[in-house]
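Beneath this line is the structure, given in structure tokens, with notes to follow.
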Number of protein chains: 2
Amino acid sequence: MAKSSVTIKDIAKEAGVSTTLVSFVMSNQVAGEPVYRVGEDTARRVMEVAERLQYKPNNTARALRSGKTLTIGVVVSDIANPFFAEIARDLEDQAYKYGYNVIFGSSDENPEKFGRVVDVLLNKGVDGLILVPCAGSEDAIRKVVGSGVDTVLLDREVPGLQVSSVVLDNREAARVITRKLLDRGARRIDMVSYSMNISNTRDREQGYLDAIKEAGPEFETHIERITHNSYDSIPSYFRSARERGVDAFMMATNTLALLVMSEIYKNGYHIPDDFKVACFDRNPLYDIYAPGIIFVRQPVDSFAARAMELIMARIRSGPGRKVPIEQIVLSPEISG
Amino acid sequence: MAKSSVTIKDIAKEAGVSTTLVSFVMSNQVAGEPVYRVGEDTARRVMEVAERLQYKPNNTARALRSGKTLTIGVVVSDIANPFFAEIARDLEDQAYKYGYNVIFGSSDENPEKFGRVVDVLLNKGVDGLILVPCAGSEDAIRKVVGSGVDTVLLDREVPGLQVSSVVLDNREAARVITRKLLDRGARRIDMVSYSMNISNTRDREQGYLDAIKEAGPEFETHIERITHNSYDSIPSYFRSARERGVDAFMMATNTLALLVMSEIYKNGYHIPDDFKVACFDRNPLYDIYAPGIIFVRQPVDSFAARAMELIMARIRSGPGRKVPIEQIVLSPEISG
DNA sequence: CATATATGTTAAATCGTTTTAGCAAGCGTG
DNA sequence: CACGCTTGCTAAAACGATTTAACATATATG
């Protein structure tokens with residue numbers, strides 16, 4: 001631990017005031033409006049001394065006494081996924097605006113790890129949690145929420161739980177891009193999805209089915225469910241899809257999209273001439289990789305901003321009368 | 001912050017002993033060998049009570065008094081890169097073995113952000129730092145190391161700095177895979193690299209040059225340096241490479257490999273028939289994407305294990321006589 | 001002028017733990 | 001039996017901040 005060496009006491013002595021006063025000045029500086037009344041010139045003097053001595057408040061001591069760490073914990077499902085990496089970045093920026101920091105954890109879509117990570121974060125003393133649930137994490141989330149920790153769910157919901165959340169309108173988004181594939185001439189669209197039981201995946205499948213149903217009874221549907229992180233089945237799946245006369249794919253995530261598209265290229269086909277493709281999430285590789293692709297651009301910055309607003313509102317409303325639960329559903333933007 | 005509510009005091013009262021004793025029992029439990037002498041049955045009783053009351057030590061208070069957080073800070077250059085994502089995971093596991101936790105930050109290859117992130121970590125009170133330097137981060141690292149914080153560099157070195165590090169033998173690895181391309185019949189090999197000034201990138205370029213030089217004067221070299229995160233130049237580069245009769249590519253990272261390979265496929269060519277490809281780092285997409293690819297598999301688990309060993313050794317040797325600086329160079333494994 | 005109110009400041013308690021210094025009992029030794 | 005050494009335990013002082021309660025002084029109010 002870095003020895004901060006210069007403490008509030010040193011400043012007090014140097015400026016000829018009490019430590020209390022120094023503390024007042026410091027916390028007034030951090031928060032917006034002055035809560036404590038401090039003489040203007042005294043405040044200036046204290047701040048000058050603090051500056052000169054390069055005072056850095058000791059967050060640990062602060063946390064111990066005040067019970068607030070000004071840190072919120074974030075658990076995403078896979079930090080290596082560009083979608084979540086971007087969310088992580090944006091959350092960090094948002095938190096900064098409120099004078100907060102963020103600590104991350106990754107569940108790797110594993111409910112046990114999810115629980116462990118949440119425990120570690122709580123033990124480190126975060127003021128609130130922003131969680132991306134994974135399949136099987138319901139109990140852990142219920143427990144945390146039940147114990148009164150301020151929590152907001154992100155990207156995925158857990159039905160039947162009294163907790164705020166920010167998600168995309170996945171069903172509508174899926175419907176729109178599927179519809180778009182049809183408009184561009186696709187006759188036989190497969191959806192490639194995950195077998196994980198996660199709200200957003202299920203919603204996307206529904207949207208796909210909605211669109212095909214609307215199109216008419218002559219259109220067939222097929223949802224291929226891939227097991228997370230075991231992608232060897234893709235080549236054989238692609239072969240079967242081709243044999244069934246599939247001419248377009250709708251993918252539930254950017255990872256799936258890349259996998260299927262690389263399979264398409266590997267077999268010597270082109271996008272969008274041979275196969276049309278639609279999917280969720282942007283990926284930096286699209287730019288150069290698949291110019292003709294249709295994708296749902298999730299408003300990641302809004303995800304982060306809304307989630308942070310919700311958690312801040314909850315944190316700032318004392319333990320007494322809490323701010324009400326809010327479930328925010330964001331509208332998708334479609335590209336391509 | 002989660003109210004842990006039940007404290008050492010409660011246990012002391014319940015068990016009829018002093019808080020000191022409870023503290024002794026608790027910390028003996030955590031560390032390996034008993035440092036304090038405590039009666040065996042008393043210890044058992046205290047632990048029973050602690051268990052029954054579901055005591056969770058308050059890390060904040062611990063940190064404040066002891067000056068140790070049992071947390072080490074890690075700054076990688078891009079958490080969204082699978083290579084670093086895996087390193088992050090492995091570091092977490094390693095730390096766990098020592099009873100430590102890990103907090104992450106990402107510099108996004110930006111030296112200002114690097115400095116900010118390091119400051120935040122130090123301010124949170126980490127006991128040590130594991131850093132992946134980025135171009136321009138030298139000053140920040142020098143400052144941190146100079147101020148006595150235990151530090152280990154990972155994946156990239158900063159020449160002329162007294163600090164432990166764990167890196168791959170990048171030059172040798174690059175030489176070997178370039179050689180392998182030649183052995184498989186490549187006559188004109190381009191290297192695609194980053195323009196960033198980073199030790200490992202420079203070393204890889206040297207290895208490439210070494211191999212071509214060894215091959216004989218009739219072989220030409222070309223190093224194409226791409227600016228990080230601006231990949232629009234790749235199509236035009238690929239065109240020019242094709243015109244120059246290039247028949248193989250050696251890429252400095254997995255990201256570059258994917259970009260160039262997708263360009264190859266997009267133009268209707270195949271790997272390895274039309275172009276042979278070698279690169280650094282594994283990527284999950286390779287499996288399905290480029291079976292014929294040659295790549296350097298970096299021993300990520302060893303990176304993590306060695307780095308954690310080094311930082312632990314430094315942390316545990318008190319501020320008095322520090323363990324000596326160690327620069328560990330790991331051997332690459334070649335696949336394909 | 002007396003009383004109330006606002007303003008500027010501080011002493012001391014507190015957060016939950018670790019750590020220092022030391023006490024008391026038991027035991028072997030010469 | 002007196003001495004030192006070990007064993008088992010504790011009181012009290014940190015750690016560095018925040019927060020409570022209160023004390024002056026100045027200003028306003030009736």
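The figures that follow rest on heavy atoms only: side chains count, while hydrogens, waters and symmetry mates do not. Here is how names work: the chains are called A, B, and so on, in the same order as the sequence lines, proteins then strands, and each is numbered from 1.
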Practice prompt. Could you tell me which non-hydrogen atom of A:V152 sits nearest to which non-hydrogen atom of A:V166, and how far apart they are?
Written response: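 Scanning both residues, the minimum pair turns out to be CG1-CG2, 4.5 Å.
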Worksheet entry | Where B:D150 and B:I311 come nearest, the two heavy atoms and their spacing | O-CD1, 3.4 Å
Please list, chain by chain and in numerical order, all residues satisfying salt bridge (charged side-chain N to carboxylate O under 4.0 Å, His left out) with [X], sequence neighbours excluded.
X: B:R142; result: B:D139
X: A:D108; result: A:K113, B:R89
X: A:R156; result: A:E109

Item to complete: Output, in order, the C-alpha distance, side-chain angles, deciding distance and verdict of side-chain hydrogen bond (donor to acceptor under 3.5 Å, both in side chains) for A:T71 and A:K124.
Response: CA-CA 9 Å; A:T71 300; A:K124 282 216 179 316; over 6 Å; no
Please identify each residue that fulfils side chain to side chain donor-acceptor pair (under 3.5 Å) with [X], with sequence neighbours left out.
X: A:R306; value: A:E309
X: B:S164; value: none
X: A:N59; value: B:N123

Discussion item. Just to verify, what does B:R45 make a side-chain contact (heavy atoms from CB on, under 4.5 Å) with, not counting sequence neighbours?
Written reply: B:A15, B:V17, B:T42
Within this structure, what is the [atom1]-to-[atom2] distance between [X] and [N], rounded to whole angstrom?
X: A:I11; N: C:dT9; atom1: CD1; atom2: C1'; result: 17 Å
X: A:L64; N: D:dT18; atom1: CG; atom2: P; result: 11 Å
X: B:D10; N: C:dG16; atom1: CG; atom2: C1'; result: 10 Å
X: A:F24; N: C:dT10; atom1: CZ; atom2: C1'; result: 9 Å
X: A:N123; N: C:dG16; atom1: CG; atom2: P; result: 14 Å
X: B:L21; N: C:dC23; atom1: CG; atom2: P; result: 19 Å
X: A:I8; N: D:dC15; atom1: CD1; atom2: P; result: 14 Å
X: B:R62; N: C:dC15; atom1: CZ; atom2: P; result: 19 Å

Fill in: Quiz item: A:T20 side-chain donor-acceptor pair to C:dA11 base, under 3.5 Å
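Checked by distance alone, the answer is yes.
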Fill in: base_contact_polar (D:dT18 base, A:R65 side chain, donor-acceptor, <3.5 Å)
yes
Worksheet item: Between D:dC9, C:dT17, C:dT9, which one does the side chain of B:N58 approach most closely?
Response: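 So the side chain of B:N58 is nearest to C:dT17.
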Worksheet item: Counting just side-chain N and O atoms, does B:S18 come under 4.0 Å of either OP1 or OP2 of D:dT10?
Response: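 So the side chain of B:S18 is within the cut-off, an N or O lying under 4.0 Å from OP1 or OP2 of D:dT10.
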Worksheet entry | Sugar-phosphate only, base, or nothing, as touched by B:S23 at under 4.0 Å among non-hydrogen atoms |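 B:S23: base contact, heavy atoms under 4.0 Å.
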Worksheet item: Using a cut-off of 4.0 Å on non-hydrogen atoms, how would the nucleic acid contact of A:V22 be classed: base, sugar-phosphate, or nothing?
Response: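 No contact.
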Worksheet item: Taking five pairs at each end, how big is the angle between the two axes of the helix from C:dC1-D:dG30 to C:dC27-D:dG4, to 10°?
Response: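 The angle separating the two end axes equals 50°.
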Discussion item. Strictly under 4.0 angstrom, non-hydrogen atoms only: write out the protein contact profile of nucleotides 23-28 of chain D, one letter per nucleotide from the 5' end, B, S or -.
Written reply: ------
Worksheet item: If you find the nucleotide of DNA chain D closest to B:E40 and the one closest to B:A61, which residue's nucleotide is nearer the 5' end?
Response: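 So the residue in question is B:E40.
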Worksheet item: If each of A:N59 and B:G16 is mapped to the nucleotide of DNA chain D with the nearest heavy atom, which maps nearer the 5' terminus, i.e. the 5' end?
Response: B:G16
